Amino acid sequence: MWSAFLRFAAACRFRLLLAALIALGPALPAAAVTPDAASAPAADVRIAQLMPFTGTPGLPGGGVIPPAAGGLAPQPAPGGPDPGAGGRDPHALLPQPPSGKASIGMSARYGEKGGLIPRGLVWRVFADTPEASGAYPLVGEAVEPAPVFFLSPGGYVVHVSYGLASAARKIVVGGNSRREQFDLPAGAIKLQSDVNDVVIPGPKVSFDLFEGSFLQGKTSSRPYYRGVNSGDIIILPAGSYYVVSTYGDGNAVIQADVSIQPGKLTEAMIHHRAAEVTLRLVQGSQPGAPSETQWSVLTPGGDTIKESVGAQPVFVLAEGDYVGIARHDGKVYTKEFSVETGKDVVIDVAAQ
């Protein structure tokens, strides 16, 4: 009977912990990945202080804090509790519920020994009994860090998401009010790339995240998150991942392991050894390649790296040796050239 509920949860784009949840019963921790070392160490920054948003994976850009968001969470008053490091119990006193209901206070923390998550949480409460249509009704929803739901006696499934990390739990409500605390061992990552210590502009580079370790050969073939933009902050389950950084659309691709720690931000700078190469066809002393000129870039062994059509195409190529080929008006022209890291060049191919 839970299959309909699982289909509904998938339609909401939840990370489905629910299949195991139904089989196991009352409690299940957040899904976590088991991972490994990084190209840059985790910065000792609580991601609670970097959460100027409220989001859910069900919305566009779920789990992402773009650079433009900016801003920090308010800091605790001197001598007061730090909500990102634990703080006081948000439900020390639960409100009086309406007649026939119980007050259920919800909160989440960065793992068993982590502090409370102060923002960015999305809560949904479903009845555990389907309607005539087979759908499990949504009985409550909140985007507060520590909401209180007034629930009638019965069974429910509670789902909480924090970026791309999530947890679900089946609860049974009786006549007494109580608290429910979830463990979400989540961290965040901010990715950028550079060449010779010069940061590559955001539009020119992208990242794919995979579970596992590239260095240890424990990798997943399917991206966990595809197309991460430079400078975005991605919230995801703590663990080991590896990053594939692609500079341009040629062969400038670098892989590196990263480690996500609960409650902390990992800032990783991926170092590329590449440069931008502009190819142009030169007739005499004048560059004048028509726009329909066909271009190919090959390795010395004859493997094709990139093809393009245009007057002066620009290729991003990894450091190494190449052969540029121009085809125009039934004729073929070639030029051997080398690429050095960080040295953008114009390569003239003589039309002789």
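Keep in mind the model is a prediction, meaning the values are calculated, not measured.
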Same apolar cluster (I L V M F W Y, side chains within < 4.5 Å links), Ile171/Val139 | yes

Only distances under 3.5 Å count here; give the side-chain donor-acceptor pairs of residues 326-338 to other protein atoms, sequence neighbours excluded, each with its distance to 0.1 Å.
from: Arg327; atom 1: NH1; to: Ser296; atom 2: OG; distance (Å): 3.0
from: Lys335; atom 1: NZ; to: Asp348; atom 2: O; distance (Å): 3.3
from: Ser338; atom 1: OG; to: Asp321; atom 2: OD1; distance (Å): 2.6

Of the non-hydrogen atoms in His159 and Ser161, which two are nearest, and what is the gap between them?
-> CE1-CB, 3.9 Å

Under 3.5 Å, side chain of Trp295 to main-chain N/O of Ile325, donor-acceptor pair present?
-> no

What's the shortest heavy-atom distance between Leu184 and Ala165, and which atoms?
-> CD2-C, 4.1 Å

Does the side chain of Pro97 reach to within under 4.5 Å of the side chain of Ser177, using non-hydrogen atoms?
-> yes

In short, Pro262 meets Tyr110 closest at the heavy-atom pair CB-O, 4.0 Å

Okay, side chain of Asp344, backbone of Ala275: is any donor-acceptor separation there less than 3.5 Å?
-> no

Minimum heavy-atom separation for Thr341 to Asn196, with atom names?
-> O-ND2, 3.2 Å

Answer yes or no: is there a donor N or O on one side and an acceptor on the other, between the side chain of Thr266 and the main chain of Ser259, under 3.5 Å?
-> yes

Would you sort out whether Lys306 and Asp249 count as a salt bridge (charged side-chain N to carboxylate O under 4.0 Å, His left out), showing the intermediate values?
-> CA-CA 8 Å; Lys306 187 68 180 174; Asp249 57 359; 3.3 Å; yes

Is the backbone of Val158 close enough, under 3.5 Å, to the side chain of Trp123 for a donor and an acceptor to pair up by distance?
-> no

May I ask whether Phe150 and Val173 are part of the same hydrophobic cluster, defined by side-chain heavy atoms of I, L, V, M, F, W, Y residues being less than 4.5 angstrom apart, directly or through others?
-> no

Is NZ or CZ of Arg169 both nearer than 6.0 Å to the six-membered ring centre of Phe182 and within 45° of the ring axis?
-> yes

Ser245/His272 under side-chain hydrogen bond (donor to acceptor under 3.5 Å, both in side chains): CA gap, chis, key distance, verdict = CA-CA 9 Å; Ser245 174; His272 278 272; 2.8 Å; yes

Transitively linked via ILVMFWY side-chain contacts under 4.5 Å: Tyr136 with Val172?
-> no

In one Ile/Leu/Val/Met/Phe/Trp/Tyr side-chain cluster, 4.5 Å: Ile234, Val244 = no

Can you list the residues that meet the salt bridge (charged side-chain N to carboxylate O under 4.0 Å, His left out) rule with Glu276, with sequence neighbours excluded?
-> Lys204

Does any N or O in the side chain of Thr278 come within less than 3.5 Å of the main-chain N or O of Val346, such that one atom is a donor and the other an acceptor?
-> no

Determine yes or no for a side-chain-to-main-chain donor-acceptor pair under 3.5 angstrom, with Asp257 supplying the side chain and Phe214 the backbone.
-> yes

Taking atom types as modelled, find out whether Ser107 and His91 have a side-chain donor-acceptor pair closer than 3.5 angstrom.
-> no

How about Phe210 and Tyr242: are their ring centres within less than 6.0 Å of each other?
-> yes

For the pair Lys190 and Asp232, find out whether any cationic side-chain nitrogen is under 4.0 Å from an anionic carboxylate oxygen.
-> no

Could you tell me whether the side chain of Asp194 and the main chain of Ile200 form a donor-acceptor pair under 3.5 Å?
-> no

Indicate the atoms forming the closest heavy-atom contact of Tyr247 with Ala274, along with that distance.
-> CD2-CB, 4.0 Å

Hits for side chain to side chain contact (heavy atoms under 4.5 Å, CB included) against Pro153, two or more places apart or cross-chain, chain-then-number order -> none

How long is the span from the CG atom in Asp183 to the CD1 atom in Ile117, to the nearest 0.5 Å?
-> 9.0 Å

Are Val282 and Val349 close enough that some pair of their side-chain heavy atoms sits under 4.5 Å apart?
-> no

For the atom pair OH (Tyr224) and OH (Tyr241), what is the distance rounded to the nearest 0.5 Å?
-> 4.5 Å

Does CD belonging to Glu112 count more than 12 external heavy atoms closer than 6.0 Å?
-> no

Identify the heavy atoms of Ala238 and Gln261 that sit nearest to each other, and give their distance.
-> CB-C, 4.1 Å

